[in-house]
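Along the sequence shown, residues carry numbers from 1.
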Amino acid sequence: MERSYPCDGLSGGPGEAWFRAVTVAAGRPSVFRWLCQLKVAPYSYDLLDNLGRRSPRRLTPGAEHLEQGQRVMTIFRLADFAVDDHLTLVLDDDRALRMFGPLTLTYAVTEGDPGTTRLVVKLVPGDEGGLPGRLRRRVLAWGDLFMMRRQLLTLRKLAENGEPA
């Protein structure tokens, strides 16, 4: 948690940070390749955040070809990436910004114990002042925990049992 993440430089300064993580019994290339699938679908609760469409359970050809500025999970822009290392996203959809406020996040893949990868997500919400901003961050923190947990568990399962990268 103490290390620096690429989203740190995009957040506008020190503030709150939330972490989510899972250990995956697969190599970094496989875990990272499944992260690239976030360009295609959100992989959490599809009924809530994918208009009821099931997130693909097979790798989408070409999703691994990343470029800064690409759309990710519809409401994010790919701000930075390093293959087999991280994806860094910025919330930039106007409707989502009104609902959730500013948000930057990094999905980082690091070596775990032999044969495993640690997938860590650092989320940095914007530092909106006042009571409404603080309340919105509290609601977002719990909502994100619910959604991100499902997303990370789904990606773990797919990387462990799915197609190799």
| said: Give me the atom names and distance for the closest heavy-atom approach of Arg28 to Thr110. | reply: CD-C, 4.0 Å

| said: Against Leu35, only a single residue in Leu87, Val72, Asp84 fulfils side chain to side chain contact (heavy atoms under 4.5 Å, CB included); can you say which? | reply: Leu87

| Heavy-atom distance under 4.5 Å between the side chains of Glu64 and Val83, does that happen here? | no

| Quick one: does Leu89's side chain get under 4.5 Å of Leu78's, heavy atoms only? | yes

| Gln37 and Thr60: which non-hydrogen atoms are nearest, and at how many Å? | OE1-N, 2.8 Å

| query | Measuring from Thr104:OG1 to Arg77:CZ, what's the distance to the nearest 0.5 Å? | reply | 10.5 Å

| query | Looking only at heavy atoms, what is the nearest atom pair of Leu155 and Trp34, with distance? | reply | CD2-O, 3.7 Å

| said: Applying side-chain contact (heavy atoms from CB on, under 4.5 Å) to Leu38 and Gln151, what does each step give before you reach the verdict? | reply: CA-CA 10 Å; Leu38 295 177; Gln151 180 187 65; 3.4 Å; yes

| field | Arg71: partners by salt bridge (Lys or Arg N to Asp or Glu O under 4.0 Å), with sequence neighbours left out | value | Asp92

| Looking only at heavy atoms, which two atoms of Val124 and Ala17 are closest? And how far apart? | CG2-CB, 4.5 Å

| Least distance between heavy atoms, Leu66 atom then Cys36 atom | CD1-SG, 3.9 Å

| field | Inter-residue atom distance Lys157.NZ - Arg57.CZ, 0.5 Å rounding | value | 7.5 Å

| Heavy-atom side-chain proximity of Leu152 to Leu119 below 4.5 angstrom | yes

| request: Let me see the working for Leu105 and Cys7 under side-chain contact (heavy atoms from CB on, under 4.5 Å), right down to the final yes or no. | output: CA-CA 5 Å; Leu105 57 153; Cys7 65; 5.5 Å; no

| Pairwise distance OH(Tyr107) to NZ(Lys122) - rounded to 0.5 angstrom | 15.0 Å

| Nearest non-hydrogen partners of Pro125 and Leu123, listed with the distance | CD-O, 3.7 Å

| query | Can you tell me how far the CZ atom of Arg20 sits from the CG atom of Leu153, to the nearest 0.5 Å? | reply | 12.5 Å

| Considering residues at least two apart in sequence or located in another chain, which fulfil the salt bridge (Lys or Arg N to Asp or Glu O under 4.0 Å) criterion with Glu67? | none

| Pairing residues for Thr23 by the side-chain hydrogen bond (donor to acceptor under 3.5 Å, both in side chains) criterion, not counting sequence neighbours | Arg118

